[in-house]
Amino acid sequence: MKKDLMASVFDNFSYDLVHIDSKTGARAGILHTPHGDIETPIFMPVGTNSTVKLVTNHHLYETGAQIILGNSYHLYLRAGHKLIEKFGGIHGWMNWNKPVLTDSGGFQVFSLAHLRKISEEGVEFRDPKDGKKHFISPEISMEIQQSIGADIIMAFDWCAPYPCDYKTAKEAMERTHRWLERCIKAKTSKHQALFPICQGAFYDDLRKESAAFVSSIDAAGYAIGGLSVGEDKETMNHFVELTAPLLPHNKPRYLMGVGTPEDLLDGIKRGVDMFDCVLPTRNARHGSFFTYEGKKQIKNAQYQEDFRPLDENCDCYCCNNHTRAYLRHLYKCNEGTGQALMSIHNIKFLIDFAKKARQAILSDSFEDFYNEHYTRVIS
RNA sequence: GCGCCUGUCGUCAAGCGGUUAAGACCUCGGAUUGUGGUUCCGAUAUGCAUGGGUUCGAAUCCCAUCAGGCGCC
């Protein structure tokens with residue numbers, strides 16, 4: 001049976017594929033959105049509760065962030081999407097004038113597994129804070145995300161766990177597809193782009209089927225979901241390599257929830273354009289920081305009298321102003337300023353890393369860039 | 001000077017004759033991937049102020065010494 005071509009309606013979005021690296025297939029492009037252009041490959045900082053934890057907008061702009069994430073599930077619980085709508089959507093609410101992407105809450109179906117019940121209709125959640133029950137369906141997720149008003153909104157999907165038996169993986173994928181059709185029908189706003197999400201867990205045939213399904217929909221961009229959920233890197237790379245080329249070439253591809261500097265290299269190499277991850281901010285809160293020589297832990301004794309910046313090749317606010325010894329002191333004293341400064345560093349590190357990768361692609365030398373950095377950047 | 005009390009990891013401590021000498025903090029190391037996390041995991045005292053003694057067996061009982069606290073001259 002031939003499926004009718006569906007369209008996720010959107011205005012003011014387009015993607016220019018500027019250059020493809022001749023040796024690797026890595027892509028450089030520009031995604032145009034109502035709140036500005038996004039140069040890809042891009043790393044997008046995560047700001048679940050309409051703030052990138054510990055980082056002010058002022059510093060966030062300074063990192064060169066071109067787009068940030070919010071989470072519709074968490075914003076629905078607090079502060080409430082209707083309240084945010086009254087402030088002109090998330091841009092007015094948090095006073096951020098660049099693009100925003102909201103996740104649908106689909107991932108919380110996976111990450112808060114013990115607090116939910118899934119049915120064909122949708123998912124019953126329990127508020128982790130007060131235990132109160134809530135119900136989110138594809139339609140409700142669209143309603144929430146339209147009120148929040150991000151530029152890019154995500155389909156409400158079912159991210160299967162890892163490991164996952166074939167039957168469950170297939171069920172999750174098929175339901176994700178049905179939910180995608182419901183999302184498309186429920187979405188009415190034209191100033192937002194809805195990204196479908198490819199699922200299929202860790203089965204080649206399911207991944208191929210899902211990639212074909214989402215590609216049959218006319219959308220402004222496409223996401224690869226359900227990866228980086230506990231599998232090893234080799235496995236993840238295999239499924240990115242399998243999936244990415246099956247998605248429309250003239251649209252951006254977003255690998256959800258990834259990742260580390262080495263994951264960015266691996267993803268870009270396989271044709272991924274967009275990444276997001278909580279790691280830079282979470283790691284910063286826990287004291288570890290990215291450098292071009294690998295990840296390090298600021299609380300280690302070796303930094304007690306280290307007068308260097310976190311990374312000598314970084315020009316973030318933190319590296320321009322403070323030493324490792326000072327930052328270590330702040331962590332030892334449990335001063336939140338240290339975490340805030342290191343969050344700025346880690347975010348800028350990944351944003352710059354993606355930007356450098358982009359330059360390498362534009363000069364058709366991404367393979368050299370990959371080889372130069374891959375082993376160094378791994379801890 | 002006399003009397004009483006106390007001495008267990010860097011710190012605070014459990015232990016009251018048979019324990020692999022708890023636990024907490026600190027210190028040290030490691031995790032973290034569409035954020036329920038300033039979170040989670042792991043390591044660290046062959047030794048209980050020192051020296052003797054009693055006992056099959058002592059951080060635990062006895063004696064001496066040293067150190068600290070309190071009280072009285």
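Note on naming: letters A, B, ... go to the chains in the order of the sequence lines (proteins, then strands), and numbering restarts at 1 for each one.
Nucleotides U60(B) and U55(B) have their C1' atoms positioned 13 Å apart, rounded to a whole Å. Nucleotides U8(B) and A45(B) place their C1' atoms 9 Å apart, quoted to the nearest Å. Atom name C1', nucleotides A22(B) and U65(B): the rounded distance is 31 Å, in whole Å. Comparing the P positions of G53(B) and A58(B) gives an interatomic distance of 12 Å, to the nearest angstrom. Comparing G57(B) with C40(B), their P atoms are spaced 46 Å from each other, to the whole Å. Comparing the same atom, C1', in G10(B) and in C5(B) gives a spacing of 26 Å after rounding to whole Å. For the C1' atom pair drawn from U38(B) and G71(B), the interatomic distance equals 48 Å after rounding to whole Å. Distance noted for atom C1' between A31(B) and C16(B): 42 Å (whole Å).
When the nearest nucleotides of RNA chain B are assigned to Leu227(A) and Asn334(A) by heavy-atom distance, the more 5′-ward of the two goes with Leu227(A). A residue-by-residue look at Gly287(A) and Leu115(A) shows that Gly287(A) has its nearest nucleotide of RNA chain B further toward the 5' end.
Tested against His35(A) for a side-chain contact (heavy atoms from CB on, under 4.5 Å), the candidates His191(A), Lys98(A), His91(A) yield a single pass: His91(A). The residue from Leu255(A), Ile197(A), Val214(A) that alone fulfils the side-chain contact (heavy atoms from CB on, under 4.5 Å) condition with Ile224(A) is Leu255(A).
In the model, Gln146(A) has a side-chain atom that pairs as donor or acceptor with a side-chain atom of Ser189(A) under 3.5 Å. Between Tyr326(A) and Asn321(A), the side chains place no donor N or O within less than 3.5 Å of an acceptor N or O (distance only, hydrogens not considered). For the 3.5 Å distance criterion, the side chains of Asp368(A) and Ser365(A) fail to qualify, holding no donor opposite an acceptor. If you check the side chains of His345(A) and Asp311(A), you find no donor sitting under 3.5 Å from an acceptor.
When the side-chain nitrogen and oxygen atoms of Gln108(A) are compared with OP1 and OP2 of G34(B), none of them lie within a distance under 4.0 Å. Residue Ser111(A) has no polar side-chain atom (N or O) positioned under 4.0 Å from OP1 or OP2 of G34(B).
Within 4.0 Å of Lys53(A), counting heavy atoms only, lies at least one base atom of the nucleic acid. Across all strands shown, Gly336(A) has no heavy atoms under 4.0 Å from either base or sugar-phosphate atoms. Base engagement by Gly226(A) is indicated by at least one non-hydrogen atom pair under 4.0 Å involving a base atom. Across all strands shown, Asn71(A) has heavy atoms under 4.0 Å from sugar-phosphate atoms exclusively, and none from any base. Looking at heavy-atom distances under 4.0 Å, Ile197(A) makes contact with a base. If you check every strand for non-hydrogen atoms under 4.0 Å, Gln199(A) touches a base. The residue Asp276(A) sits close only to the backbone: its heavy atoms come under 4.0 Å of sugar-phosphate atoms, none of a base.
Using N1 to N3 plus N6-O4 or O6-N4 for Watson-Crick, or N1-O2 and O6-N3 for G-U wobble, each under 3.5 Å, C16(B) pairs with nothing. With a cut-off of 3.5 Å on both pairing distances, the Watson-Crick or G-U wobble partner of G42(B) is C28(B). In a base pair of the Watson-Crick type (N1 to N3 plus N6-O4 or O6-N4) or a G-U wobble (N1-O2 and O6-N3), with each distance short of 3.5 Å, U35(B) is matched with no nucleotide. Nucleotide G1(B) forms a Watson-Crick or G-U wobble pair with C72(B), both donor-acceptor distances falling under 3.5 Å. A67(B): Watson-Crick or G-U partner is U6(B), with both key distances under 3.5 Å.
For Leu264(A) and G34(B), the CG to P distance is 13 Å, given to the nearest whole Å. If you measure from atom CZ of Phe125(A) to atom C1' of G36(B), you get 12 Å, rounded to the nearest angstrom. Rounded to an integer number of Å, the gap from CG of Asp266(A) to P of U33(B) is 17 Å. Straight-line distance from the CZ atom of Arg78(A) to the C1' atom of U35(B): 13 Å, rounded to whole Å. At whole-Å resolution of the value, CZ in Phe275(A) and P in U35(B) are 17 Å apart. With rounding to whole Å, Phe289(A) atom CZ is found 20 Å from U38(B) atom P. G34(B) atom C1' lies 11 Å from atom CZ of Phe43(A), rounded to whole Å. When rounded to the nearest whole Å, the span between NZ of Lys233(A) and C1' of A31(B) equals 13 Å.
Electrostatic pairing of Asp306(A) and Arg308(A) counts as a salt bridge here, judged by a charged N lying under 4.0 Å from a carboxylate O.
Checked against G34(B), U32(B), U35(B), the side chain of His286(A) finds its nearest nucleotide in U32(B). Nearest nucleotide to the Ser228(A) side chain, out of G34(B), U33(B), G36(B): U33(B). Comparing G34(B), G36(B), U33(B) by their nearest atom to the side chain of Ser104(A) picks out G34(B). In this structure, of U32(B), U38(B), U35(B), it is U32(B) that holds the atom nearest to the side chain of Leu279(A). You'll find that the side chain of Arg285(A) is closest to U35(B), out of U33(B), G34(B), U35(B). With distances taken from any side-chain atom of Leu112(A) to the nucleotides U33(B), G36(B), A31(B), the minimum falls on G36(B).
For a distance-only test at 3.5 Å, the side chain of Ser288(A) qualifies as a donor-acceptor partner of the base of U32(B).
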Extract from the structure each pairing of a protein N or O with an N or O of nucleotides 28-30 of chain B at less than 3.5 Å, listing the distance.
residue : atom : partner   : partner atom : Å
C28(B)  : OP1  : Arg328(A) : NH2          : 2.5
C28(B)  : OP2  : Lys332(A) : NZ           : 2.5
G29(B)  : OP2  : Asn300(A) : OD1          : 3.0

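Relative orientation of the Phe125(A) and Tyr73(A) rings is tilted, given thresholds of 30° and 60° on the angle between their planes. Between Tyr370(A) and Tyr374(A), the ring-plane angle classifies as parallel under the 30° and 60° cut-offs.
A pairwise comparison of heavy atoms in Thr24(A) and Phe366(A) identifies OG1-CD2, 3.6 Å as the closest pair.
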* **Evaluation steps, ring-ring contact (aromatic ring centres under 6.0 Å, His included), between Phe369(A) and Phe353(A)** => CA-CA 10 Å; Phe369(A) 182 84; Phe353(A) 198 58; 5.6 Å; yes
